[in-house]
Amino acid sequence: MLDLKFIRENPELVKQGIKNKNEKDTVDQILEVDKKRREIIRITEELKAKRNKVSQEIGRLKKAGENADEIIAEMKKVSDEIKMHDDELRKLNEKLNELLMWVPNLPHESVPVGQEEDNVEVRRWAPEDFSFEKEFDYLDHVELGKKLGILDFERGAKISGSGFPVYLGKGAILERALINFMLNYHIQKHAYKEVLTPFLVNADSMKGTGQLPKMQDDMYFCEKDNLYPIPTAEVPITNLHRDEILTEDDLPLKYVGFSACFRREAGSYGKESKGFLRVHQFNKVEMVKFVKPEDSYNALEALVKDAEDILKELKIPHRVLLLASGDLSFAAAKCYDLETWSPAEEKWLEASSCSNFESFQARRANIRFRRKDSKKPEFLHTLNGSGLATSRLMVSILENYQTPEGKVIVPKVLQPYTGFNIIG
RNA sequence: GGAGGGGUGGCAGAGUGGUUGAAUGCGGCGGUCUUGAAAACCGUUGAGGUGUUACAGCCUCCGGGGGUUCGAAUCCCUCCCCCUCCGCCA
């Protein structure tokens with residue numbers, strides 16, 4: 001959510017940002033409702049001030065045993081008037097809030113204006129012996145997983161539906177190894193604090209991080225209990241501090257957490273959805289940071305490097321993309337994607353997304369902090385990044401580590417976790 | 001799922017319709033005293049909105065929402081959460 005005052009004072013700036021993000025411009029509508037709202041506030045507050053004063057007077061009269069019937073009758077009218085205006089005000093506030101919930105975060109000034117094709121490759125990394133040249137005919141992860149008996153998409157479809165993968169034997173162990181490796185790495189090397197949070201959250205949490213209302217149709221929903229299976233651990237972890245005022249000394253806060261992630265992915269089928277490329281349930285290790293506003297862009301760079309470190313340890317070729325404004329998510333001000341190389345598909349696959357939300361989520365979720373020398377709380381900045389999603393990583397590992405014989409070597413850093421060094 | 005109890009400021013804890021945004025204690029901050037510290041004493045200490053160049057002023061907030069009333073932390077309805085007991089259960 002953007003600051004209403006900011007919109008009021010910088011309408012053109014906001015409009016430009018919305019345009020660059022390809023979102024719907026409701027600024028004029030917001031300003032109009034806001035104007036009306038403030039007018040009503042002025043009127044009601046005058047009436048309420050009067051009511052408060054006279055009501056006190058009535059109390060005094062009654063205590064003194066005097067008659068107050070006449071003023072009470074007069075106040076009844078005032079009270080009715082207040083009620084009328086309050087009703088109107090309530091409606092305007094609801095309307096205004098609804099409008100504000102649909103305004104996207106504005107892209108940071110360092111974000112290139114444009115669409116997906118305007119994303120900028122910032123850097124690229126690969127192991128020394130790596131080559132884009134095909135050394136043999138790679139099996140893609142689906143064929144390979146099937147052949148090795150470590151992945152079973154058909155049975156997953158039977159027990160749940162398509163997009164719910166089953167991991168078997170060494171596949172399941174490898175998945176678990178990855179999760180543990182990544183968690184431990186971020187905890188030990190990057191000083192994150194681990195949290196294990198609920199996989200089901202309420203609507204307030206979903207609003208807090210910006211999934212609702214916009215992404216409603218992409219969410220699973222348990223109607224009986226009004227709970228949403230989380231699309232990412234970003235939601236519960238960021239909402240840890242919803243409605244809290246932290247102290248300056250608390251910051252920065254760095255959390256890392258594992259969760260299963262649930263996404264309906266409504267309307268996305270076809271080639272892109274083969275195997276692990278698009279699933280309804282996957283596992284992810286997520287990093288979330290709460291920082292002071294002036295620190296958030298340095299924190300973003302560090303966050304990207306933290307995610308990259310995992311890929312370097314795993315020796316997976318990858319590149320870092322700075323997303324253009326039109327490719328940014330609703331809540332993000334700036335975002336880097338990490339893409340890993342798939343030798344079977346011969347293309348880059350998104351494996352991580354690291355974003356700075358500035359105060360957008362903090363304002364929605366009401367997460368503030370107080371500086372030592374100031375009494376007024378201010379909104380902090382939130383960031384998060386996948387560190388990383390295992391399903392996409394599994395594709396990279398299975399494909400990049402496969403041998404001409406169709407076996408898969410376990411990356412060295414994972415071997416202590418798996419207890420074996422080759423699959424097949 | 002059933003029965004009962006409860007949600008008040010950073011924390012603890014008063015307050016059942018009339019200057020109560022809220023006693024008191026602790027904590028925090030400032031000061032006096034002290035070489036310094038502690039103790040003691042004095043003062044101060046919630047958030048949001050509206051408004052103002054900035055103050056002031058005014059309004060709202062005692063779990064959330066709605067209602068009764070001239071007036072609600074206090075009464076009513078509803079939802080949420082916590083605790084105790086019973087039932088069920090990994």
Side-chain angles (χ1 to χ4, degrees), chain A residues 1-10 30-101 196-208 212 221-228 236 239-251 253 260 359 362-380:
Chain A
M1 189 155 66
L2 295 182
D3 181 14
L4 178 59
K5 262 188 197 141
F6 181 82
I7 299 176
R8 202 185 286 153
E9 283 156 18
N10 307 278
I30 287 169
L31 292 179
E32 193 186 317
V33 175
D34 176 51
K35 195 176 160 193
K36 235 185 254 170
R37 170 185 152 271
R38 283 191 293 162
E39 171 68 12
I40 302 286
I41 285 175
R42 199 181 53 77
I43 295 170
T44 16
E45 288 195 347
E46 272 172 25
L47 288 170
K48 281 181 182 174
K50 182 176 177 185
R51 180 183 70 184
N52 288 346
K53 226 174 238 171
V54 177
S55 287
Q56 268 173 28
E57 180 61 24
I58 290 171
R60 254 193 300 269
L61 287 175
K62 287 213 160 181
K63 220 172 227 173
E66 294 178 39
N67 186 304
D69 291 352
E70 206 171 304
I71 337 182
I72 288 178
E74 189 193 331
M75 276 306 101
K76 173 120 186 93
K77 274 185 222 154
V78 172
S79 195
D80 287 344
E81 221 172 313
I82 289 172
K83 205 162 285 175
M84 202 180 70
H85 285 116
D86 266 346
D87 277 345
E88 192 176 352
L89 189 58
R90 195 181 304 154
K91 278 180 205 146
L92 286 170
N93 278 331
E94 266 169 35
K95 175 87 185 149
L96 185 62
N97 203 44
E98 169 75 8
L99 284 166
L100 284 173
M101 289 296 270
L196 184 52
T197 48
F199 292 0
L200 265 52
V201 299
N202 58 31
D204 283 340
S205 294
M206 287 297 235
K207 281 180 196 155
L212 287 182
F221 180 53
C222 308
E223 205 166 341
K224 262 192 179 168
D225 299 288
N226 283 317
L227 290 169
Y228 296 81
N239 276 282
L240 276 177
H241 296 295
R242 168 150 53 87
D243 291 321
E244 290 185 15
I245 300 175
L246 305 170
T247 69
E248 185 171 10
D249 290 336
D250 292 331
L251 304 179
L253 280 169
S359 59
R363 189 168 278 111
R364 285 190 169 224
N366 194 28
I367 310 169
R368 292 170 293 173
F369 79 105
R370 207 189 310 264
R371 291 182 198 274
K372 281 197 204 89
D373 52 1
S374 142
K375 52 208 173 314
K376 212 167 166 54
E378 53 185 295
F379 291 108
L380 46 73

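Within every chain, numbering begins at 1; the chains are lettered A, B, ... in the order of the sequence lines, protein sequences first and strands thereafter. This is a predicted model, so every value here is computed, not measured.
Put simply, the side chain of A:Asn226 reaches to within 4.5 Å of the side chain of A:Phe221, judged on heavy atoms.
Residues A:Ile58 and A:Ala68 come closest through the heavy atom pair CG2-CB, 4.2 Å. When all heavy atoms are compared, the tightest approach of A:Phe379 to A:Ser359 is CB-CB, 4.0 Å. Scanning both residues, A:Cys222 and A:Leu200, for their nearest heavy atoms gives SG-CD2, 4.4 Å.
With A:Leu380 as the partner, the side chain to side chain contact (heavy atoms under 4.5 Å, CB included) test is satisfied by one option alone out of A:Ile245, A:Leu253, A:Leu251: A:Leu251. For the salt bridge (Lys or Arg N to Asp or Glu O under 4.0 Å) with A:Glu46, the lone residue among A:Arg42, A:Lys50, A:Lys48 that qualifies is A:Arg42.
Judged by Watson-Crick or G-U wobble contacts below 3.5 Å, the nucleotide B:rC61 has B:rG46 as its partner. Pairing of B:rC41, defined by two Watson-Crick or G-U wobble distances under 3.5 Å, is identified with B:rG31. Of all nucleotides present, only B:rC86 satisfies the Watson-Crick or G-U wobble test against B:rG1, with each distance under 3.5 Å. Base pairing annotation: B:rG21 forms no Watson-Crick or G-U wobble pair, as no partner gives both donor-acceptor distances under 3.5 Å. The nucleotide B:rU69 finds no pairing partner, because no Watson-Crick or G-U wobble arrangement with both distances shorter than 3.5 Å includes it.
Taking atom C1' in both B:rG9 and B:rU44, one finds a spacing of 15 Å when rounded to whole Å. The same atom, P, is picked in B:rG43 and in B:rU53; the two are 36 Å apart, to the nearest Å. Taking atom C1' on both nucleotides, B:rG5 is separated from B:rA22 by 24 Å, rounded to a whole Å. Comparing the C1' positions of B:rG31 and B:rG17 gives an interatomic distance of 41 Å, to the nearest angstrom. Rounded to a whole angstrom, the distance from the P atom of B:rG57 to that of B:rC62 is 22 Å. The separation of B:rU8 from B:rA14, taken at their P atoms, amounts to 11 Å, rounded to a whole angstrom. Taking atom P in both B:rG4 and B:rC77, the straight-line distance is 14 Å, to the nearest Å. For the P atom pair drawn from B:rG64 and B:rC70, the interatomic distance equals 25 Å after rounding to whole Å.
A salt bridge does not link A:Asp80 with A:Lys83: none of the charged nitrogens is closer than 4.0 Å to a carboxylate oxygen. A salt bridge links A:Asp34 to A:Arg38: at least one charged side-chain nitrogen sits closer than 4.0 Å to a carboxylate oxygen. A salt bridge between A:Arg60 and A:Glu57 is present, with a side-chain N of the basic residue lying under 4.0 Å from a carboxylate O of the acidic one.
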If the sugar-phosphate is the primed atoms plus P, OP1 and OP2 and the base is the rest, what is the B/S/- string for nucleotides 47-68 of chain B, using protein heavy atoms under 4.0 Å?
SSBSS------BBS-----SSS
Sugar-phosphate atoms are those with a prime plus P, OP1 and OP2; base atoms are the rest. Using that split, label each nucleotide of nucleotides 73-80 of chain B B, S or - for protein heavy atoms under 4.0 Å, 5' to 3'.
--------
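One can place CG of A:Leu227 at 13 Å from C1' of B:rC81, the figure rounded to the nearest angstrom. For the pair A:Arg242 CZ and B:rC81 C1', the computed distance is 13 Å after rounding to whole Å.
Once rounded to the nearest 0.5 Å, the distance linking CG of A:Leu92 with CD1 of A:Ile40 reads 6.0 Å. A:Ile41 contributes atom CD1, which lies 6.0 Å from atom CG of A:Asn93 (distance to the nearest 0.5 angstrom). Distance CD/A:Gln56 to NZ/A:Lys53: 9.0 Å, rounded to 0.5 Å.
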For nucleotides 15-22 of chain B, give me every protein contact, N/O to N/O, under 3.5 Å, one pair per line with atom names.
residue, atom, partner, partner atom, Å
B:rG18, N2, A:Ser55, O, 2.9

